[in-house]
Amino acid sequence: MQKGVNVIVETILAVIVAVVIGGGAGYAVRKQTAEAQIGSAEEEARRIVADAETKGETKKKEAMLEAKEEIHRMRQELDRDTKERRGEIQRQERRIVQKEENLDRKLESLEKKENSLSRKEARLDQAQAEINSLHEKQKEELERISSLTADEAKTMLMEEAEAELKHEKAMKIKEYEQQIKDESDKKAREILSLAIQRCAADHVAETTVSVVALPNDEMKGRIIGREGRNIRTLETMTGIDLIIDDTPEAVIISGFDPVRREIARIALEKLIVDGRIHPARIEEMVEKARREVEQRIKEAGEQATFETGVHGIHPELVKLLGRLRYRTSYGQNVLNHSVEVSHLAGVMAAELGVDVMLAKRGGLLHDIGKAMTHEVEGPHVTIGADLAKKYRESKDVINAIAAHHGDVEATTVEAVLVAAADAVSAARPGARRESLEAYLKRLKRLEEIAESFEGVERCFAIQAGREIRVMVKPDKVDDAEAVSLAHHIVKKIEEELEYPGQIKATIIRETRVVDYAK
C-alpha cells in the first residue's frame, strides 16, 4: 500500500514538472514571436514616416508654386484695374474742365445781359417818371376843369354804377325768383300728383265702437249674467263699455282705447263660441285675448316693415309700430297712415333723386311716439325722436321724426319730404273725420285769431278751414307790413290751434280811389 502511494506521488510530481517545463518553453516561444513582430512593426513605421516626409515635401512645393501663380495673376488683374480707373479719372477730369469752361462763358454772357437790363431799367424808370409827371399834370387839369377832386369823382362814379347795378340786380333777382317759383311749383305738383296716384289708399276713418254678432237674443241674457255679474266682470277686466240694447242679435262694444276694445271683442267672441259664460271663464278668455292681441301687434309691425321694405329696425320699435294699428288720429288709423306716408315719401324721394330708403324709414317711424302718448308725457314728436335715439336710429331719421310738424328745423331733403307726405296723407278726402261741432269751433277760432291783429278789416275761413283770407285796411297796413302780418297770423295759428295738414293765410290789401266827373 505504501508502495502504491509513492507511485501516485511520483506521478503527480512528474506531471507538475512537465507542466512547468512546457509553460516555460511556450513563454520563450511567444516572447521570441512578439519581439519579431515588434521589430517588423518598427521597421514598417520608419518606412511610413519616410514616405510621409517625402510626400509632404512634394505637396509643399506644389502649394508654393500655386501660391506664386495666384499672386502673379492677382497682380496682373490689379494692374489692369488700376489702368482702367486711371483712364476713367482722366476722362472725368477732361469733362470737368469742359464744364468749367462752359460755365465761364455762360457767366460772362449773363453779366453782359445783366448790364444791358440795368441800362434798360434805368431808361424805363426815367420814362415812368416822365409818365407820372404827365399824369399828375393831366389830373390837376381835370380837377381844375371839373371842380372835383379825384376822390370826389371816384365816389360819384361808384355811386352811379352802384345805383345802376342795384336796379339791374333787383330786376334779375325778381325774374329768377319768379322763374324758379314757377318751375318749382310745377315740379312739386307733378311729384305730388305722381306720389298720390301711385299710393292711392282706400281705408277710411275708424270709429270708437265695435259690433259683435250674436247667434240669438238669448245670448244677451247669458252675457249679462245673474244680477249682471258677467257683464260687470267683462267691463272690469277690459276697461270698456258693453251696450246691450234693442238691436237684434248684436252687442256694441264702446271704448276710446282700440287695444282694450279689440281685447274685449275677441274675448266676447270666444265666450260666445265656447258657450260657458261665468266670471272665471271670462277672466281666462280675456287673458287669452290679451296674448292674442299682443301677437297681432307684433305681426302688424313686421307686416308694416315688410310692406314698406324698411328693414333693420330694432325689435322694440317693430312692436311699437304694431301698437299703432290700434291707434287713431282724427279717426285715421295711425299704422295705415304711417305706411302710406312711407310710400309717399319714398316715391317723392325717387323723383328727386335723394335717399329713398331714408325717406321711407323716416315716413314709417314719424308717428312712432303716438304708440306711447298715454304712457309718456310730452308731444308725440318729442317722444318719437327720443325713442328713435334710444334704439339707435340715424340722426337723419331722428330729424325727420322731430321735424315732420315743424317743431325743429329739417336738416335734410328727406325730412322735408316726410313732412310733405304726412300732410298729403292726412289732408286727402276721407282720411280723417271731425265732428261738426269741433269743425265749427275750429273755423270760428281761426277767424278770431286773424281778427285779433290790428289793421284787419274782415276775414273769412274757406276751403273747409284749409285757408284764411284776411282783408286789411290799406291806410293802416302797407305792403311790407302785410308780409309781416301774414307771418304773425300763421305763427299764432300754429301755437293755438290743432289741425290736420296745413292752413294757408292770404292777406288782401286793396286801395280804391273813386271820383266823379260833373
Query raised in the report: After noting the C-alpha distance and the side-chain angles of Glu136 and Asn132, does the key distance pass the side chain to side chain donor-acceptor pair (under 3.5 Å) rule?
Result: CA-CA 6 Å; Glu136 289 297 327; Asn132 291 337; over 6 Å; no

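- Contact detail for Ala486 and Ile507: the closest heavy-atom pair is CB-CG1, 3.5 Å.
- Taking the six-membered ring wherever Trp is involved, the centroid distance between the rings of His337 and His366 falls below 6.0 Å.
- Interatomic distance, Thr305 OG1 to Leu365 CG, rounded to the nearest 0.5 Å: 10.0 Å.
- Taking 4.0 Å as the cut-off between side-chain N and carboxylate O, Arg445 and Glu448 count as a salt-bridged pair.
- A distance of 8.5 Å separates CZ of Arg509 from CG of Asp475, quoted to the nearest 0.5 Å.
- Lys390 places none of its side-chain heavy atoms less than 4.5 Å from the side chain of His314.
- Under the 4.5 Å side-chain criterion, counting only non-hydrogen atoms from C-beta, Thr308 is in contact with His343.
- Counting all heavy atoms, side chain and backbone alike, Thr54 lies closest to Thr58 at O-OG1, 3.0 Å.
- Within the 4.5 Å cutoff, the side chain of Asp367 has heavy atoms near those of the His404 side chain.
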Requested in this report: With side-chain contact (heavy atoms from CB on, under 4.5 Å) as the test, would you mind laying out the steps for Glu93 and Ile96 before giving the verdict?
Outcome: CA-CA 5 Å; Glu93 288 178 350; Ile96 291 171; 5.6 Å; no

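- Ion pairing between Arg73 and Glu69 fails under the 4.0 Å rule for side-chain N and carboxylate O.
- In this structure, Ala505 and Val490 approach most closely via the heavy-atom pair CB-CG1, 3.5 Å.
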Report task. Determine, step by step, whether Leu417 and Val354 satisfy the side-chain contact (heavy atoms from CB on, under 4.5 Å) criterion, reporting the C-alpha distance in whole Å, the side-chain angles of both residues, the deciding distance to 0.1 Å, and the verdict. Result -> CA-CA 10 Å; Leu417 294 179; Val354 294; 3.9 Å; yes

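- Closest approach of Ser342 and Leu364 over heavy atoms only: CB-N, 3.7 Å.
- The minimum heavy-atom distance between Ile368 and Leu321, with the atom names listed, is CD1-N, 3.7 Å.
- Checked by atom type, the side-chain pair Lys395/Thr411 shows no donor-acceptor distance below 3.5 Å.
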Requested in this report: Give the C-alpha distance, both sets of side-chain angles, the deciding distance and a yes or no for salt bridge (charged side-chain N to carboxylate O under 4.0 Å, His left out) between Lys60 and Glu57.
Outcome: CA-CA 5 Å; Lys60 183 179 179 181; Glu57 289 294 331; 5.4 Å; no

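- Checked by atom type and distance alone, the side chain of Glu447 pairs as donor or acceptor with a backbone atom of Ala461 at under 3.5 Å.
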Query raised in the report: Would Leu124 and Gln128 count as a side-chain contact (heavy atoms from CB on, under 4.5 Å) if you check the C-alpha gap in whole Å, the side-chain angles of each, and the deciding distance to 0.1 Å?
Result: CA-CA 6 Å; Leu124 286 173; Gln128 185 65 36; over 6 Å; no

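- Phe460 pairs by the ring pair (Phe, Tyr, Trp, His ring centres under 6.0 Å) definition with nothing, not counting sequence neighbours.
- We find the CD1-CD1 distance between Ile489 and Ile503 to be 12.0 Å, quoted to the nearest 0.5 Å.
- For the pair Arg327 and Leu335, the minimum side-chain heavy-atom distance is 4.5 Å or more.
- For Arg46, the CZ atom counts as densely surrounded, since its 6.0 Å shell holds more than 12 non-hydrogen atoms of other residues, nucleotides or ligands.
- Taking the side chain as every heavy atom from C-beta outward, Glu88 and Glu84 never approach each other to under 4.5 Å.
- In this structure, Ser116 and Lys112 have side chains that are not in contact, with every pair of non-hydrogen atoms separated by 4.5 Å or more.
- Contact check for Phe453 versus Val470: no side-chain heavy atoms found under the 4.5 Å cut-off.
- More than 12 heavy-atom neighbours from other residues, nucleotides or ligands sit within 6.0 angstrom of CD on Glu62.
- Side-chain atoms of Arg296 do not come within 3.5 Å of backbone N or O of Gly322 as any donor-acceptor pair.
- Glu111 CD to Lys106 NZ: the interatomic distance, rounded to the nearest 0.5 Å, is 14.5 Å.
- Distance check: Met357 CE to Glu414 CD gives 12.0 Å after rounding to the nearest 0.5 Å.
- Judged by distance alone, with hydrogens and angles left aside, the side-chain atoms of Asn333 form a donor-acceptor pair with the main-chain N or O of Asn336 at under 3.5 Å.
- The number of heavy atoms from other shown groups lying within 6.0 Å of CD (Glu70) is above 12.
- When the ring pair (Phe, Tyr, Trp, His ring centres under 6.0 Å) test is applied to His488, no partner is found at least two apart in sequence or on another chain.
- Residues Glu393 and Ile398 come closest through the heavy atom pair O-CD1, 3.6 Å.
- Remark: Gln92 CD is packed, more than 12 non-hydrogen atoms of other residues, nucleotides or ligands lying under 6.0 Å away.
- Ionic pairing of Glu294 and Arg291 is not present here: no N-O contact between side-chain nitrogen and carboxylate oxygen is shorter than 4.0 angstrom.
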Requested in this report: Starting from the C-alpha separation in whole Å, work towards a yes-or-no answer on side-chain contact (heavy atoms from CB on, under 4.5 Å) for His405 and His380.
Outcome: CA-CA 10 Å; His405 281 322; His380 75 278; 3.5 Å; yes

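- In this structure, the side chain of Ser133 does not engage the main chain of Ala129 through any donor-acceptor pair within 3.5 Å.
- Here the side chains of Lys298 and Glu302 are in contact, with some heavy-atom distance below 4.5 Å.
- A distance of 11.5 Å separates CG of Asp396 from CZ of Arg361, quoted to the nearest 0.5 Å.
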